[in-house]
Amino acid sequence: HYGTIDLLYRVQLANQLNVEQVVPKPGVNGRGVRLSSGGQRVVYLSARGDANLANSLVAWDGKDFDAQKAIFSLSDDSQPEKFCFHPKKSVAAIPTKGSAVLYNAVDGTRLQSGLLIPRSGIGPHEMLDMQFSPDGNHLVVLCKAGEEYFTKSITIKWSSGDTLADEEAV
């Protein structure tokens, strides 16, 4: 029994592998990482949140781990290992039971934008994965009910109160 080994490395790949920065405790019981479009931000996916067990996920600047971090506060029913970034805007989403929460990917604040859940809802189905559609106007959810797998498309209703930069501009 060795316990958990949780490290996050930023490396330069050129003629050889150069480790440029290390985050020794990015989270607990890591499940992977997610990179935003272009690699501007990186999130360490942890089932139990950050290393302080504060029920949050942390996004680091992809070029400088010491720069300002975004902190995404999680609810008790969040599924942080299914975190995803928007393909075009500085937006992130984390599924919750039957829905999802949208965040500003730069500072971690919750957005006012809402999700238009289909009339049939997500239902009590197991949510296996979630990603933004390529145009960024929908969340596509992979679900399982018994032995049946299916997808649900959830339309995003953007709020005029949300200030969202395009990902390339960040």
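Values below: every heavy atom of this structure, side chains too, minus hydrogens, waters and symmetry copies.
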Checklist entry - Only one of F72, Y44, F132 clears ring pair (Phe, Tyr, Trp, His ring centres under 6.0 Å) with F83; which? => result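 With F83 as partner, ring pair (Phe, Tyr, Trp, His ring centres under 6.0 Å) holds for just one option, F72.
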Which atom of [X] lies closest to which atom of [Y], heavy atoms considered:
| X | Y | value |
| --- | --- | --- |
| V43 | A59 | CG2-CB, 3.5 Å |
| K88 | P134 | CE-O, 3.6 Å |
| G108 | A70 | N-CB, 3.7 Å |
| S73 | S56 | CA-CB, 4.2 Å |

Heavy-atom side-chain proximity of [X] to [Y] below 4.5 angstrom:
| X | Y | answer |
| --- | --- | --- |
| V33 | L45 | no |
| V101 | R110 | yes |
| H86 | S37 | no |
| Q40 | V106 | no |
| Y103 | V91 | no |

Is there a donor-acceptor pair under 3.5 Å between the side chain of [X] and the backbone N or O of [Y]?
| X | Y | value |
| --- | --- | --- |
| K69 | F65 | yes |
| R34 | F85 | no |
| S133 | L139 | no |

Checklist entry - Shared ILVMFWY cluster between V140 and L128, side chains joined below 4.5 angstrom? => result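 Not linked; separate clusters.
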Checklist entry - Going hydrophobic residue to hydrophobic residue with side-chain gaps under 4.5 angstrom, can you get from Y149 over to V141? => result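 In one cluster: no.
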To the nearest 0.5 Å, tell me how far [X] [atom1] sits from [Y] [atom2].
| X | Y | atom1 | atom2 | value |
| --- | --- | --- | --- | --- |
| H138 | T151 | NE2 | OG1 | 12.0 Å |
| I94 | L57 | CD1 | CG | 5.0 Å |
| D135 | I156 | CG | CD1 | 8.5 Å |
| L102 | T109 | CG | OG1 | 11.0 Å |
| N104 | D107 | CG | CG | 4.0 Å |

Checklist entry - Please walk me through it: do L142 and M130 pass side-chain contact (heavy atoms from CB on, under 4.5 Å)? => result CA-CA 6 Å; L142 175 63; M130 179 182 77; over 6 Å; no
